[in-house]
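Read the numbers this way: they start at 1 and go in the same order the structure lists the ligands and their atoms.
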Amino acid sequence: MMTYLSGESDLVVPSYYEAIFQHAADAIFVVQPGGVIREANQAALTLTGYSRSELKNILFCSICKGIATCVEEASCTGCFFNHQSLSSFEMQIRAKDGRQYPVTASAATLPEDPLGSMVIVIRDMSQLQRTERERHHRLVTNKIIQAQEEERKRVSRELHDGVGQALYSILIGLKVINHLPLDDEKKRHLLDVQAMVEQTLDEVKNLATDLRPSALDDLGFLPAIRSYAKKFEATFGIKVELVVKGPKRRYSSTVETALYRIVQEAMINAAKYAATDKIKLSLIDTTAEVRLFIEDFGRGFDPSQVEGEGTGLGLYGMKERAALLGGALRIESAPNEGTMVYVRIPIDREGESVHADEGTHRG
Ligand SMILES: Nc1ncnc2c1ncn2[C@@H]1O[C@H](COP(=O)(O)OP(=O)(O)O)[C@@H](O)[C@H]1O
Ligand SMILES: [Mg+2]
């Protein structure tokens, strides 16, 4: 038989129903008019943080922080007992430690009960809301990353095909003029201008490649990263060793883009902070997932410090890109021990991300 918080009652509950009551995942309160709590199940104790005997000494109103439809100060008499039953409404409850939770609840009077008690069933929504917030955040991040890549692609193409082509035409024109009979001074002047245009053309091409290398779309991740590594070595004087294990194949555009951007960020970080003369890149395709290690042998850092300070957008972006594809990114580093960035992304036979999320299509 069920033991009641407030003692005597003629309400008889068989032990089978008592087990259901006690083990229900939702919090269940039996409340008398006026707010005295007669009974509460285990989930109710967990949700509120009160013990059974503590609940006996407080009114339900001190837990209830108002129903969404409540117009006046929360009062059990006003809110609950004016109704035979209330199906599914939102309310806030306050736990013993003062924290407030959003919950959904339903209430019904017990017709057989001489005291006119109500059963109030409460479901904690905070976890659901947190999950929903995280899902929304991920969706927005995904959209931002996609939009950013699209924009880079567009500007890169524009620079290459628009500005680049125009500069090339100017260069050809200058060469044609150069073949005309000109005095030495004019010729020297023309050659200077020609050199300036050539340099500008190189800069535009480099800018276009930095924004988004066409090799990434045309040839895939590996050729793009090989070419990036070569340029990186020349720019920073850091040796890049590339190790590839498993099949050499194309992955979906989103996977290739994510891998490329992660390598780029990790390598630039190594150049900026690691004070190293060597970076090792390892790409391992296990068929079920693609794994990537970016190791420098430099001065290292404490990753927990960076996250703790809320800085490090680059590291955050890397993690976010991997997570969006259902993968993960880990950073192992310690002062004077170098840094290793480890990424793994699950893929299928076609090199498509297994994580069937929006935006992970081949594109
Ligand atoms: N390879 C590395 N070696 C040493 N320190 C690093 C390395 N990568 C990152 N860090 C440290 O982590 C911090 C955060 O990196 P990141 O998120 O990329 O931001 P940012 O590059 O904009 O500073 C850096 O400021 C640096 O102190
Ligand atoms: Mg960075």
Side-chain angles (χ1 to χ4, degrees), residues 134 137-153 155-156 206-213 215-216 221-222 224-244 254-284 290-345:
E134 280 165 13
H137 173 77
R138 189 132 285 170
L139 218 70
V140 171
T141 311
N142 193 3
K143 288 271 179 262
I144 291 172
I145 289 178
Q146 266 188 60
Q148 193 187 41
E149 285 301 334
E150 283 306 316
E151 186 65 357
R152 281 179 180 171
K153 216 186 258 188
V155 176
S156 168
N206 281 340
L207 203 61
T209 309
D210 283 352
L211 271 173
R212 181 162 178 109
L216 188 57
F221 171 72
L222 255 181
I225 221 60
R226 271 190 219 283
S227 145
Y228 180 73
K230 216 192 269 170
K231 244 172 93 183
F232 184 90
E233 283 183 333
T235 312
F236 298 104
I238 299 173
K239 181 100 193 67
V240 183
E241 184 191 344
L242 180 62
V243 179
V244 183
T254 37
V255 172
E256 289 189 336
T257 303
L259 291 176
Y260 186 85
R261 295 296 182 207
I262 289 169
V263 172
Q264 218 178 8
E265 175 64 28
M267 281 173 63
I268 293 282
N269 273 353
K272 283 202 292 193
Y273 308 115
T276 183
D277 57 3
K278 189 183 157 194
I279 293 175
K280 185 176 173 189
L281 293 179
S282 317
L283 179 76
I284 300 162
V290 47
R291 297 177 189 160
L292 191 64
F293 298 83
I294 306 126
E295 278 172 274
D296 68 49
F297 304 88
R299 63 162 66 112
F301 69 109
D302 181 355
S304 66
Q305 285 299 87
V306 174
E307 278 160 336
E309 285 166 14
T311 54
L313 267 185
L315 300 180
Y316 172 79
M318 291 202 284
K319 284 188 179 161
E320 205 57 18
R321 280 189 189 268
L324 282 171
L325 295 172
L329 184 139
R330 215 175 58 219
I331 294 159
E332 279 174 21
S333 187
N336 300 319
E337 287 187 18
T339 300
M340 189 185 71
V341 176
Y342 169 44
V343 200
R344 33 167 294 271
I345 294 172

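Salt bridge E265/R321: absent, no basic N to carboxylate O contact under 4.0 Å. E320 has a carboxylate O that lies under 4.0 Å from a charged side-chain N of R138, or vice versa, which qualifies the two as a salt bridge. Taking the charged nitrogens against the carboxylate oxygens, K230 and E233 have no contact shorter than 4.0 Å, which rules out a salt bridge.
Those atoms of ligand 1 with a heavy atom of K272 less than 4.0 angstrom away are 21 (O). The ligand atoms of ligand 1 that sit less than 4.0 angstrom from a heavy atom of V306 are 12 (O), 13 (C), 14 (C). Taking a cut-off of under 4.0 Å to the non-hydrogen atoms of T339, the atoms of ligand 1 that pass are 1 (N), 2 (C), 3 (N).
For ligand 1, the polar-atom distance check finds an N/O of G314 within less than 3.5 Å of one of the ligand's N/O atoms. On a distance-only criterion, N269 and ligand 1 share at least one N/O pair closer than 3.5 Å.
When all heavy atoms of E256 and L216 are compared, the pair lying nearest together is OE1-O, 3.5 Å.
With hydrogens and angles disregarded, a donor-acceptor distance shorter than 3.5 Å links the side chain of S333 to the backbone of F301.
Atom 15 (O) of ligand 1 has its nearest heavy-atom neighbour, among I268, T276, L315, I331, in L315.
Proximity of E265 to ligand 1, defined as any heavy-atom pair under 4.0 Å, is confined to the side chain (atoms from C-beta onward). For D296, every heavy-atom contact with ligand 1 shorter than 4.0 Å involves the side chain, none the backbone.
With a 4.5 Å cut-off on side-chain heavy atoms, V343 and V263 do not count as touching.
The 12-atom threshold is exceeded at CG of N206, counting heavy atoms of other residues, nucleotides or ligands nearer than 6.0 Å.
With respect to the Mg ion (ligand 2), E265 has OE2 as its nearest N, O or S atom.
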